[in-house]
Amino acid sequence: MNTNGNTYTVIYSTVLVILVAAILAFVAMSLQDKQNENVKIETITKVLTAAAQSDENVSIDETTDVLGMYTDNIVDAFYVDGNGEVTGHMNMGKENVKDIQVPSTSDLKKQNDILKKISGSKDSTGQAELLKSLNLPVFVFDINGKEVTVIPCYGAGLWGPIWGYVALASDGRTIEGAIFDHKGETPGLGAKIAEAPFYTSFRGKAFGSGDVVFAVEKGKHEGEPECVDAISGATITSQALGKGINLWAKHYQPYLNKAAAEKAGTEADAEDTADMDAAADAETIK
């Protein structure tokens, strides 16, 4: 074959492209499991970071065994629909940390697409079906004796998706901690949603009720429990995050209200039992 001809050049280039593509595909497939594991660990770290903010004595850094900490402190991990009913459970890794199941950002996007359809639908029958089709993740932790429930949120930022996790007290309203992340927000501006000075400002705030459960807005909102100050110079990203939190929180309300009522009822029953036992002891002494 004439090595100086066009035919040789085309064949050589084609073989080279196919060979390089095959090598890259092999490398990508070889690293897929490792990449998935890294994504899972990153998600677990964020969920734990939100929950850990409920106790100032608990911290997470690069030396933390997040998988071990997760399995030690997780009480339950499951999914609920828009009516607050449990639809399934995640493997918590109690027997093997490699079996831990957590939703990816792709899973959150799928749920967010359904939430947007629900919000945009005027068909009550269609809305009811969509509410039943939801699988919203819920993580329940015991942080040094305090029950903390962590729920995610997801939405569209200025340049790409933004997401995060909000930790709630047993009343289903009070925020114990939060953490957020993004794919491509502007460094020094919108990207600040992933920085501690911003996400730690959520602690002590609370979900409200009605159409606006929570908001992130410009101005000073120290005395407003259902609102956090927006990041200066990043109004669009801040408001987008607020809308994302609000949309997800509204559809978690049926579950959160139910869980809070059950918790309050259990505590009331325990107090009544303790009072009856104390009265019985007093009578016995007499």
Side-chain angles (χ1 to χ4, degrees), residues 34-56 58-64 66 102-113 115-116 137 139 150-168 174-208 212-250:
K34 183 63 175 178
Q35 291 173 341
N36 291 338
E37 185 67 17
N38 288 339
V39 170
K40 182 167 72 173
I41 292 175
E42 182 179 359
T43 299
I44 292 171
T45 301
K46 284 181 167 48
V47 172
L48 274 174
T49 299
Q53 291 172 40
S54 64
D55 189 328
E56 60 184 14
V58 179
S59 62
I60 297 175
D61 56 33
E62 62 277 2
T63 65
T64 303
V66 293
V102 292
S104 65
T105 52
S106 296
D107 296 323
L108 297 184
K109 182 184 182 304
K110 291 177 183 177
Q111 297 306 304
N112 193 63
D113 290 341
L115 292 176
K116 289 192 294 185
F139 303 89
V150 178
I151 61 173
C153 62
Y154 186 98
L158 179 60
W159 302 113
I162 52 179
W163 63 92
Y165 298 88
V166 179
L168 301 168
T174 305
I175 297 177
E176 294 282 359
I179 190 166
F180 307 103
D181 207 344
H182 62 93
K183 187 172 183 179
E185 298 307 288
T186 307
L189 295 173
K192 287 185 176 181
I193 63 170
E195 298 178 8
F198 175 70
Y199 64 71
T200 54
S201 67
F202 280 70
R203 191 179 183 198
K205 297 289 185 174
F207 287 163
V212 182
V213 175
F214 200 80
V216 180
E217 299 177 347
K218 292 177 64 176
K220 298 297 182 180
H221 301 280
E222 291 88 348
E224 301 175 33
E226 297 155 15
C227 188
V228 162
D229 297 344
I231 297 170
S232 179
T235 303
I236 295 178
T237 301
S238 299
Q239 291 180 343
L241 177 61
K243 290 178 180 178
I245 296 173
N246 185 64
L247 178 63
W248 282 67
K250 282 169 58 178

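This structure is a prediction, so every number in the text was calculated from the model and none was measured.
The structure places OG1 of Thr200 at 10.5 Å from CD1 of Ile179, a figure rounded to the nearest 0.5 Å. We find the OG1-CG distance between Thr43 and Leu108 to be 8.0 Å, quoted to the nearest 0.5 Å. Note that CG of Leu241 and CD1 of Ile162 are 5.0 Å apart. Values are rounded to the nearest 0.5 Å. Rounding to the nearest 0.5 Å gives a distance of 8.5 Å between CD of Glu176 and CG of Leu168. In this structure, Ile60 CD1 and Ile44 CD1 are separated by 11.0 Å, a value rounded to the nearest 0.5 Å. Atom-to-atom distance recorded for His182:NE2 and Leu158:CG is 11.5 Å, nearest 0.5 angstrom.
Here side-chain hydrogen bond (donor to acceptor under 3.5 Å, both in side chains) pairs that include residues 228-241, with residues two or more places apart or in two chains, are Glu185-Thr237.
Take Ile41 and apply the side-chain contact (heavy atoms from CB on, under 4.5 Å) test, not counting sequence neighbours, and it matches Glu37, Thr45, Val66, Leu67. Lys110 meets the side-chain hydrogen bond (donor to acceptor under 3.5 Å, both in side chains) test with no other residue; sequence neighbours excluded. By the side-chain contact (heavy atoms from CB on, under 4.5 Å) test, Asp181 pairs with Glu42, Lys46, Trp163, Ala194, sequence neighbours left out. Residues passing the side-chain contact (heavy atoms from CB on, under 4.5 Å) test with Asp55 are Asn57, Val58, Ile143, Asn144, sequence neighbours excluded. Lys109 is linked by a salt bridge (Lys or Arg N to Asp or Glu O under 4.0 Å) to Asp113, counting only residues two or more places apart in sequence or in another chain. Listed by chain and residue number, Asp171 satisfy the side-chain hydrogen bond (donor to acceptor under 3.5 Å, both in side chains) test with Thr174 (two or more places apart in sequence, or in another chain). With sequence neighbours left out, Tyr154 forms a ring-ring contact (aromatic ring centres under 6.0 Å, His included) with no residue at all. Residues that satisfy the side-chain contact (heavy atoms from CB on, under 4.5 Å) test with Lys243, not counting sequence neighbours, are absent from this structure. For the side-chain hydrogen bond (donor to acceptor under 3.5 Å, both in side chains) test, residues two or more places apart in sequence or in another chain that qualify with Glu224 are His221. Under the ring-ring contact (aromatic ring centres under 6.0 Å, His included) criterion, Phe202 pairs with Phe180, Phe198, Phe214, sequence neighbours left out.
For Ala234 against Gly190, the heavy-atom pair with the smallest separation is CB-N, 3.5 Å. Closest of all the heavy-atom pairs between Val213 and Glu226 is O-CB, 4.0 Å. Ala191 approaches Pro187 most closely through the heavy-atom pair CB-CA, 3.8 Å. Across all non-hydrogen atoms, the minimal contact from Ala50 to Ala167 is O-CB, 3.3 Å. Considering all non-hydrogen atoms of both residues, Pro137 and Pro103 come closest at CG-CG, 3.6 Å. When all heavy atoms are compared, the tightest approach of Trp248 to Pro152 is CE3-O, 3.3 Å.
Residues Phe207 and Ile175 are in side-chain contact: their nearest non-hydrogen atoms beyond the backbone lie under 4.5 Å apart. Residues Lys116 and Leu247 form a side-chain contact, since some pair of their non-hydrogen atoms from C-beta on lies under 4.5 Å apart. The shortest side-chain heavy-atom distance between Thr49 and Gln53 falls under the 4.5 Å cut-off.
The closest donor-acceptor contact from the side chain of Arg203 to the backbone of Ser54 lies under 3.5 Å. The backbone N or O of Cys227 sits less than 3.5 Å from a side-chain atom of Lys205, completing a donor-acceptor pair.
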